[in-house]
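The structure under discussion appears below in the form of structure tokens.
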Number of protein chains: 2
Amino acid sequence: MGAFLAMEEGYLEKLNHVERKKYLQKIKIVRHLYVKGARSNADICNRFSISSPTSMALLNELMADGLVEKQGRGESVGGRKPELYGLRNNSLFVLSIEMEKFSTRMAIFDGTNNNITGIHTFPLKLSKDLSAVEELYQHASSLVLSTGIDADKLMGIGLSMPGLVSSREGDSYTYLLTGQDETPLQDLLALRFSKPVYIQNDVKSITLAEHRFGAAQGKRDVLVLTLDWGIGLGIIQDGKLRVGTSGFAGEFGHIPFIDNGVLCHCGKRGCLETVASGSALARMAREGLQAGQDTLLKALSDQEPEKIEPQAIIQAAHEGDQYAINILAETGRNLGKGIAMLIQLFNPELIIIGGKMAEARQYITTPIQQSINTYCMTQLRERTEIALSKLGAQAGILGPVATVMERIFEHRIESTK
Amino acid sequence: MGAFLAMEEGYLEKLNHVERKKYLQKIKIVRHLYVKGARSNADICNRFSISSPTSMALLNELMADGLVEKQGRGESVGGRKPELYGLRNNSLFVLSIEMEKFSTRMAIFDGTNNNITGIHTFPLKLSKDLSAVEELYQHASSLVLSTGIDADKLMGIGLSMPGLVSSREGDSYTYLLTGQDETPLQDLLALRFSKPVYIQNDVKSITLAEHRFGAAQGKRDVLVLTLDWGIGLGIIQDGKLRVGTSGFAGEFGHIPFIDNGVLCHCGKRGCLETVASGSALARMAREGLQAGQDTLLKALSDQEPEKIEPQAIIQAAHEGDQYAINILAETGRNLGKGIAMLIQLFNPELIIIGGKMAEARQYITTPIQQSINTYCMTQLRERTEIALSKLGAQAGILGPVATVMERIFEHRIESTK
DNA sequence: TTAAACTTTTATAAAAATTTAATAAAAGTT
DNA sequence: AACTTTTATTAAATTTTTATAAAAGTTTAA
């Protein structure tokens, strides 16, 4: 298998046209089996428009390569039961790294997308300088070592981080800056790890996770909103993540929303994020407390007045606190107005709401829906479903896995053309 | 050629796998030659990853079918000059129909996208009932007859109309309603014309025209804004028109923009269209005149106070009228704020501004740019170019041609799979 | 319940199609 | 004029597909 998937420098260049075509077909079959699970020979024939003997020959080669194995018989559809071919267990692994501003999480996933290590958290801070690269490598190495899996079997590494990320260039424009005309971050990491590395913005990464593993599975036009301190948006159109020309699409939190509004941390005034995010919610709570509102939050604020977190407000709402419910509703109404714009612009079939704020459940979704009803054209809103994320906190660590799934085969397919 | 491109009922079903594959390859070559113009054999080999003898055989078949012909020699790149293969002149024609609320335009285009009939205008009104279908057919028939071209050579018909159109279903949700569970408009027309018909919303159709023939050629992430009485938006992402799950994406004119604003014709209040469109401009002008503003528009309004058209205001601005310039600037600033949202959400490389309002040129673009600078994140706006449409009024009639180009081959390719 | 008839899958051999390699002709460069 | 590069064509080698048969399972009907 080493020889086949590893794709050493110059490996592809040595192949002639027929061999490249065969390599391409094999990669596509592997992707198919990875994404869909074990499949029959007949299924592969149909999927790729090749004849049964050809498909059989490719599968035999993949079995000889050690990548594919027979995995029992499928259900009969009126005749002989088909042999099922699937990826060999323990033959493919993916390392997922989720970097946040103040901590970093890692986990290793197997070929059937099971987390085999649990989530390891490190207090690794995300800054502009590159020192984190080496630290990341050390943590990752010892994690891989601890599992005892063959380093050869680690197919690739996915890395998600906040801020502006150009996934095409493989570079961040906010953190771990390599400098202009320098090797992009992704290539730098790939060199250090000797593995393909794919970086992606955190929200876009979560969006891929929702599309691959969550409520957006099989949907073609989906928006994923992540509501934490800020507001994130991931866009799936015609079944693919769309990131725009530089990879920065989806800056929904910073659209102009309120005239002469509060100063946003982005430097502008009145961004949506100033009235519809976790930080907006916290600000409303602080202002309410200062104005002498009677609420469960008082107890909290007496201890640490500046440390009111959205989650405490959500908690209070679930305990029936009227003020918390009110400010959540205001946040939701603002957000809903923003979402109404999104529905009009993107005409999605589904909008998934995730992030910590999603834990407010009906206290946020009801006012959102109310705003949508007010601000959205009937024909559009009637065709849009709003749902809460099922993946929840898992989405963050599954994101890089989905990113690797999306890119590792594409990358190979591209370089074969 | 009749047999080849016509695709009679059941033609494809008769083919075995190899024949279907060959048919698919030939269709793809024809599309390539149609979109790119005459090409060499070597180019086709590279483009489709097939060997020279195979490609030559396919081209020979296409020549025997009467679809392709040799069209001279290309430039040498250091050796023998390549033979160029192109679509036979006068072998493919497209009928373009542009329906507006109060009139309908038609023209026939040849295989190199030249308008061979000029634009014929009919006072055909767009309503909910289907009586227009027969009228359309009669007009079209006599137009085709007048050119003397073989009806067989009419490849397809493109039809654009305002309102909600589901291009996938081939049905309008605003005009020419066929009723639920009835044959969609597109199929109804296809039956009457005995030709493939493709319908599309007017703005999306224009967007395709800009992408195929205008300033968006070769670009991958483009937004096209049409500014007339209303505001239209067409979205190209990753090189393709994106229309959303029901085909209604891009309802930019009716996003909520002003709290408690003017009543919009859509029924809601404060839509962007109420402060940033041609009708908003006309309203501002009327209000200004009533308030006694001193402006060149006075002369006009004295005659027909209710008939101030955006074009008159633009004209006045070009003549130096300060009031006209001011209200255009206000319209532009509002629009610019909306465009700032679009840039943040879509991260396009180019935004094309078309429609009659584009004739205001710097009087509209300068305030637009000013708003973008105010409301848009630096990293995003720096990577976005704003340009005026070069196609201008031509875009409307070229749109259905681009729609046919986009769909007619896809349609055949789909049904081969 | 059992056996025959029918489907689907798998395997293999013959037929067909495609690619590669080889070659000649054409066009440009030194 | 000699050499290089590219195109176009033919023949040989390879690959893919089709056709066929056997194996395995399901359904139908006695």
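Below, chain A is the first sequence line, B the second, and so on; all start at residue 1.
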On DNA chain D, does the nearest nucleotide to S52(A) precede the nearest nucleotide to R73(B) from the 5' side, or the other way round? Give the residue. R73(B)

Side-chain donor-acceptor pair present, T54(A), S51(A), cut-off under 3.5 Å: yes

Is the closest side-chain donor-acceptor distance between D171(B) and S166(B) under 3.5 Å? no

Donor-acceptor under 3.5 Å ([X] side chain, [Y] main chain):
{"X": "K195(B)", "Y": "L154(B)", "result": "yes"}
{"X": "R242(B)", "Y": "I236(B)", "result": "no"}
{"X": "E349(B)", "Y": "D221(B)", "result": "yes"}

Closest approach of R212(B) and A402(B), non-hydrogen atoms and distance? CB-CB, 4.3 Å

Using atom [atom1] of [X] as one end and atom [atom2] of [N] as the other, report the distance to the nearest whole Å.
{"X": "K70(A)", "N": "dA11(C)", "atom1": "NZ", "atom2": "C1'", "result": "11 Å"}
{"X": "D43(B)", "N": "dA8(D)", "atom1": "CG", "atom2": "C1'", "result": "16 Å"}
{"X": "N41(B)", "N": "dT10(D)", "atom1": "CG", "atom2": "P", "result": "14 Å"}

Do D43(B) and H32(B) touch side chain to side chain, with heavy atoms closer than 4.5 Å? yes

What would the secondary structure line of DNA chain C be in dot-bracket form, counting Watson-Crick and G-U wobble pairs under 3.5 Å, with [ ] for pairs that cross earlier ones and | for pairs with another strand? ||||||||||||||||||||||||||||||

Hey, does S40(B) reach any base, or is it just sugar-phosphate, or nothing, if we go heavy atoms under 4.0 Å? nothing

Under the 3.5 Å rule, do the base of dT8(C) and the side chain of R80(A) count as making a donor-acceptor pair? no

Closest nucleotide among dA8(D), dG28(C), dT8(C) to the K81(B) side chain: dG28(C)

Charged N to carboxylate O below 4.0 Å: is that the case for D65(A) and K26(A)? yes

Could you run through nucleotides 12-18 of chain C and give me one letter per nucleotide, 5' to 3': B if any protein heavy atom sits under 4.0 Å from the base, S if only the sugar-phosphate is that close, - if neither? B-----S

